[in-house]
Amino acid sequence: AVYFSTPRALIRVKNDEVHHWPSPEERIGGSLSIVDGALYWLSEGRELRRIEGDRATIVVRDDELLSGRTVRGMARPGRPPLWAIGERGLFEIDRENQALRRVEGPLDRVLRENRINDIERLNRESFAIATSQQGLIVSSNDGQHIRQIDREAGLADNAILALFTDADGGLWAGMNSGVVQIAPNSPTTVFDGTNGPTPGTIDGWYRHDDTIYAGSFDGLYQLMPPDP
């Protein structure tokens with residue numbers, strides 16, 4: 001089946017048959033997300049609905065948190081899905097009360113201050129979120145451990161519009177300034193003038209109290225955080 005979200009309705013075309021679900025309010029078309037094999041429709045009426053057959057069941061209704069926001073869901077093995085809402089935060093769904101329950105932590109704090117554009121699973125333990133202002137955010141499944149990949153880490157642009165994972169597990173990001181392949185799980189990290197020593201030679205490596213130091217022509221550098 002093919003689904004279209006329009007200002008007036010969600011439309012499904014399947015086997016030459018057309019079915020539609022009217023939108024509560026005629027505004028811009030709502031967004032669609034596939035989470036754990038299920039299709040969700042965020043209508044501009046501030047309702048998140050789950051599409052099951054010919055039924056569109058309301059999962060959450062929240063005028064304040066959902067109104068005009070980008071919402072992306074992420075399934076988690078053995079746990080309820082997470083819902084990232086741009087400029088609002090990170091949430092789980094309380095199905096009994098049709099309400100959003102905040103998941104506080106580092107990822108929630110980042111999402112409260114950023115517009116989001118896309119979300120992509122990296123592996124069983126982590127996923128990535130594309131933001132409009134702070135590049136790529138890599139997060140653990142619980143949202144408690146995050147890593148930011150942005151201009152300071154080597155990206156040409158902090159505005160990431162779309163994400164895609166290829167057959168080899170490579171993560172591709174579409175940006176305002178082009179496209180880039182990112183290796184968030186790479187065992188190799190490059191330290192240069194953007195995140196460490198200025199261009200030049202590293203003359204010696206030292207470890208003291210589980211902290212690594214690098215001696216260069218222009219000074220002594222310490223690896224932060226430590227790498228025991």
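Everything quoted here is computed from the prediction, not taken from an experiment.
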**Study point:** Donor-acceptor contact present, side-chain S140 to main-chain H145, <3.5 Å
**Key:** yes
Review point. With sequence neighbours left out, what residues match R88 under salt bridge (charged side-chain N to carboxylate O under 4.0 Å, His left out)?
Key: none
Exercise for review: Report the C-alpha separation of W83 and L48 in whole Å, then their side-chain angles, then the decisive distance to 0.1 Å, and conclude whether the side chain to side chain contact (heavy atoms under 4.5 Å, CB included) test is met.
Suggested key: CA-CA 11 Å; W83 294 89; L48 182 65; 4.0 Å; yes
Review point. Using a distance-only test with no angle check, is there a side-chain donor-acceptor pair under 3.5 angstrom linking R109 and N114?
Key: no
Practice item. Indicate the ring-plane relationship of W21 and Y3, choosing parallel, tilted or perpendicular according to the 30° and 60° boundaries. Key: parallel
Exercise for review: Show your working on salt bridge (charged side-chain N to carboxylate O under 4.0 Å, His left out) between E92 and R76 and close with a plain yes or no.
Suggested key: CA-CA 11 Å; E92 292 179 343; R76 299 184 292 173; 2.6 Å; yes
Exercise for review: Determine whether the side chains of E17 and N15 contain a donor N or O and an acceptor N or O closer than 3.5 Å.
Suggested key: no
Point to revise | Audit row: R50, L39, side chain to side chain contact (heavy atoms under 4.5 Å, CB included) steps and yes/no | key: CA-CA 6 Å; R50 177 171 173 152; L39 178 65; over 6 Å; no
**Study point:** Residues T211 and D209: side-chain donor-acceptor under 3.5 angstrom
**Key:** no
Check your understanding: Has I34 got more than 12 heavy atoms of other residues, nucleotides or ligands less than 6.0 Å from its CD1?
Key -> no
Review point. Can you hop from I93 to I85 via hydrophobic side chains spaced under 4.5 Å?
Key: yes
Exercise for review: Return yes if some donor-acceptor pair links the side-chain N/O of R72 with the main-chain N/O of E120 below 3.5 Å, else return no.
Suggested key: no
Practice item. For the pair R121 (side chain) and N123 (backbone), establish whether a donor and an acceptor sit closer than 3.5 Å, ignoring hydrogens and angles. Key: yes
Check your understanding: Can you list the steps and then say if F4 with L10 is a side chain to side chain contact (heavy atoms under 4.5 Å, CB included)?
Key -> CA-CA 6 Å; F4 303 90; L10 174 66; over 6 Å; no
Point to revise | Evaluation steps, salt bridge (charged side-chain N to carboxylate O under 4.0 Å, His left out), between E47 and R49 | key: CA-CA 6 Å; E47 297 171 345; R49 300 173 180 237; 2.5 Å; yes
Review point. For I149, which of L155, L171, I160, V180 qualifies under side chain to side chain contact (heavy atoms under 4.5 Å, CB included)?
Key: L155
Practice item. Answer whether the closest heavy-atom distance between the side chains of N141 and F127 falls below 4.5 Å. Key: yes
Exercise for review: Taking the side chain as every heavy atom from C-beta outward, state whether V2 and R12 have any pair of such atoms under 4.5 Å apart.
Suggested key: no
Review point. Given side chains that start at C-beta, do those of R151 and D157 come closer than 4.5 Å, heavy atoms only?
Key: yes
**Study point:** Euclidean distance, D94 CG relative to E96 CD, rounded to 0.5 Å
**Key:** 6.5 Å
**Study point:** Test item: E125 and P77 side chains (from C-beta on) under 4.5 Å apart, heavy atoms
**Key:** no
Exercise for review: Indicate yes or no: at least one non-hydrogen side-chain atom of I116 is less than 4.5 angstrom from one of T70.
Suggested key: yes
Practice item. Please report the C-alpha distance between D54 and H19 in whole Å, then the side-chain angles of each, then the deciding distance to 0.1 Å, and finally whether the side chain to side chain contact (heavy atoms under 4.5 Å, CB included) criterion is met. Key: CA-CA 8 Å; D54 292 339; H19 185 87; 4.1 Å; yes
Review point. Excluding sequence neighbours, so at least two apart, what forms side-chain contact (heavy atoms from CB on, under 4.5 Å) with R115?
Key: E87, S132, Q133
Check your understanding: Do I182 and I137 share a hydrophobic cluster, counting only Ile, Leu, Val, Met, Phe, Trp and Tyr and linking them when any side-chain heavy atoms are less than 4.5 Å apart?
Key -> no
Review point. Any donor and acceptor pair, going by atom type alone, linking the side chain of E113 with main-chain N or O of L111 inside 3.5 Å?
Key: no
Check your understanding: Is it the case that more than 12 heavy atoms not belonging to E52 sit under 6.0 Å from its CD atom?
Key -> yes
Check your understanding: Out of curiosity, does I11 fall in the hydrophobic cluster containing Y40 (side-chain heavy atoms, cut-off under 4.5 Å, transitive links)?
Key -> no
Point to revise | Criterion side chain to side chain contact (heavy atoms under 4.5 Å, CB included) against L136, the qualifying member of I129, D150, L163, D118 | key: L163
